[in-house]
Number of protein chains: 2
Amino acid sequence: MDNESAFERSCCPITNGLDIFGDRWTLLIIRDLMLGKRRYQDLISSPESIASNILADRLKKLQITGLIHRRAYQQNPARYEYVLTEKGKDLKPVLDAIIGWGRKHYPDTMVFTPLNSSRHLSPDLP
Amino acid sequence: MDNESAFERSCCPITNGLDIFGDRWTLLIIRDLMLGKRRYQDLISSPESIASNILADRLKKLQITGLIHRRAYQQNPARYEYVLTEKGKDLKPVLDAIIGWGRKHYPDTMVFTPLNSSRHLSPDLP
DNA sequence: CACATATATTGCAAAATGCAAGTTACTAAT
DNA sequence: ATTAGTAACTTGCATTTTGCAATATATGTG
């Protein structure tokens with residue numbers, strides 16, 4: 001199913017994972033998509049203030065690695081939304097584990113709540 | 001218990017976690033320590049070939065954030081070992097979740113096995 | 001004394017990040 | 001018809017981090 005062989009640094013699954021999402025931004029984008037955000041502006045407006053060039057770069061890489069899918073939700077003008085693939089959604093246990101660790105050792109942190117994004121006309125949210 | 005308030009980017013536990021281990025190397029060091037490695041040379045000799053300046057930098061940061069503890073295991077000459085604190089060991093579910101994701105989507109990856117490090121004279125390993 | 005070992009530090013080029021401004025293509029308002 | 005606004009980017013440039021190789025320091029060993 002996946003055909004991305006030849007691992008960059010080693011065949012360790014952790015290493016391989018970090019080669020995909022081991023940076024300060026990628027998992028935050030995954031988090032936002034998991035919470036129901038879909039559009040570029042939604043992602044830009046998160047409280048961490050990601051720079052637009054970084055966001056564009058990460059969205060491209062996430063498509064290449066198959067964690068997200070980009071689709072036009074309208075034409076004239078073309079507007080795009082980003083949705084998690086199954087492979088992307090499968091990162092939920094990773095995010096949950098990080099949240100669990102964070103909440104335990106930094107009790108002042110607060111978990112973000114899913115968007116009530118009825119405007120997206122989507123039946124279910126993660 | 002922790003007194004590192006004033007979160008860098010936001011109060012999200014994921015963001016806060018990524019500010020600590022959101023890079024390509026930190027979780028690999030944690031992995032190695034979890035597997036029973038303790039010494040600088042052990043860490044240097046992992047298959048990912050971390051550069052010594054990066055390793056030294058990460059070991060310092062991991063001490064500052066309280067994930068590892070550095071102790072001399074001998075004097076003359078002073079030699080040091082690095083061990084996970086409880087806070088560090090608590091990252092095991094995060095590593096396990098990453099392993100789970102990696103194994104599912106990259107079946108050719110292989111989980112590293114714990115060292116049989118009797119030479120460390122340590123009673124138990126993670 | 002010469003050499004080896006463990007734990008680093010330093011120098012420097014390359015890559016990634018962060019910030020601000022600019023671009024494109026359309027819609028909406030006056 | 002001009003002006004302004006919006007979404008989704010792109011570009012330029014300075015700063016920071018990474019990666020690689022070489023060097024450093026203290027000690028023990030032959």
Side-chain angles (χ1 to χ4, degrees), chain A residues 7-10 15 18-29 32-33 36-65 68-83 115 117 119-121, chain B residues 7-10 15 18-29 32-33 36-65 68-83 115 117 119-121:
Chain A
F7 305 119
E8 301 272 331
R9 293 187 290 174
S10 82
T15 307
L18 293 178
D19 286 341
I20 294 169
F21 54 76
D23 70 278
R24 288 157 46 76
W25 291 109
T26 300
L27 285 180
L28 296 184
I29 296 170
D32 284 350
L33 297 175
K37 293 193 175 190
R38 286 163 178 246
R39 298 176 187 178
Y40 203 87
Q41 291 302 316
D42 293 336
L43 298 167
I44 281 284
S45 66
S46 277
E48 292 86 9
S49 305
I50 190 172
S52 63
N53 55 342
I54 310 266
L55 176 59
D57 175 80
R58 293 306 189 279
L59 289 173
K60 258 173 220 152
K61 286 178 176 165
L62 285 170
Q63 288 172 74
I64 289 167
T65 48
I68 66 174
H69 179 240
R70 179 195 201 243
R71 56 175 290 271
Y73 64 85
Q74 71 169 45
Q75 298 293 349
N76 294 338
R79 293 285 181 265
Y80 303 95
E81 65 179 13
Y82 300 90
V83 292
L115 297 177
S117 59
R119 79 171 203 275
H120 291 130
L121 304 172
Chain B
F7 304 118
E8 300 272 330
R9 294 187 290 175
S10 83
T15 307
L18 293 177
D19 286 340
I20 293 168
F21 53 76
D23 69 279
R24 287 158 43 78
W25 292 108
T26 300
L27 285 180
L28 297 184
I29 296 170
D32 283 351
L33 297 176
K37 293 193 176 190
R38 286 163 178 245
R39 299 176 187 178
Y40 202 86
Q41 289 303 315
D42 294 336
L43 299 166
I44 281 283
S45 66
S46 276
E48 291 85 10
S49 304
I50 190 172
S52 64
N53 56 342
I54 311 267
L55 176 59
D57 176 79
R58 294 305 190 280
L59 289 174
K60 259 173 219 155
K61 286 178 175 164
L62 285 171
Q63 288 172 71
I64 289 167
T65 49
I68 66 174
H69 179 240
R70 179 195 201 242
R71 55 175 291 269
Y73 63 85
Q74 71 169 46
Q75 298 293 348
N76 294 337
R79 293 287 181 262
Y80 303 95
E81 66 178 14
Y82 300 91
V83 292
L115 297 178
S117 57
R119 77 170 204 276
H120 290 128
L121 305 173

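Values reported hereafter were calculated over all heavy atoms of this structure, with side chains retained and with hydrogens, waters and symmetry mates removed. Below, chain A is the first sequence line, B the second, and so on; all start at residue 1.
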Is any side-chain N or O of B:Ser52 under 3.5 Å from a base N or O of C:dT7, one able to act as donor and the other as acceptor? no
Mind calculating the distance between [atom1] ([X]) and [atom2] ([N]) to the nearest angstrom?
X: A:Glu48; N: C:dC19; atom1: CD; atom2: C1'; result: 17 Å
X: A:Asn76; N: C:dT24; atom1: CG; atom2: P; result: 18 Å
X: A:Gln41; N: D:dA8; atom1: CD; atom2: C1'; result: 7 Å
X: A:Ile54; N: D:dT16; atom1: CD1; atom2: P; result: 14 Å
X: A:Arg24; N: C:dG18; atom1: CZ; atom2: P; result: 5 Å
X: B:Ile29; N: D:dT18; atom1: CD1; atom2: P; result: 11 Å
X: A:Leu43; N: D:dA8; atom1: CG; atom2: C1'; result: 11 Å
X: A:Tyr73; N: D:dT6; atom1: OH; atom2: P; result: 13 Å

Below 4.0 Å: OP1/OP2 of [N] and any side-chain N or O of [X]:
X: A:Arg58; N: C:dG18; value: no
X: B:Tyr80; N: D:dA26; value: no
X: B:Trp25; N: D:dT17; value: no
X: A:Tyr82; N: D:dA7; value: no
X: B:Lys60; N: C:dT7; value: no

Nearest 0.5 Å, please: how far is OH in B:Tyr80 from OH in B:Tyr73? 10.5 Å
Qualifying residue, where the test is side chain to side chain contact (heavy atoms under 4.5 Å, CB included) with B:Lys37 and the options are B:Leu43, B:Ile44, B:Ile29: B:Leu43
Using a cut-off of 4.0 Å on non-hydrogen atoms, how would the nucleic acid contact of A:Asn53 be classed: base, sugar-phosphate, or nothing? base
What are the two closest non-hydrogen atoms of B:Gln75 and B:Ala72, and how far apart are they?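 Here B:Gln75 and B:Ala72 meet closest at NE2-CB, 3.9 Å.
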Check this for me, if you would: do A:Glu48 and B:Arg9 make a salt bridge, where the nitrogen-to-carboxylate-oxygen distance has to be below 4.0 angstrom? no
Salt bridge between A:Asp32 and A:Arg38, side-chain N to carboxylate O under 4.0 Å?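 Looking at A:Asp32 and A:Arg38, the cut-off is not met.
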Options D:dC20, D:dT10, D:dT6, nucleotide nearest the side-chain atoms of A:Arg79: D:dT6
Closest nucleotide of DNA chain D for A:Arg9 versus for A:Leu59: which of these residues is on the 5' side? A:Leu59
Map A:Asp57 and B:Tyr40 onto DNA chain C by nearest heavy atom, then report which one ends up closer to the 5' terminus. B:Tyr40
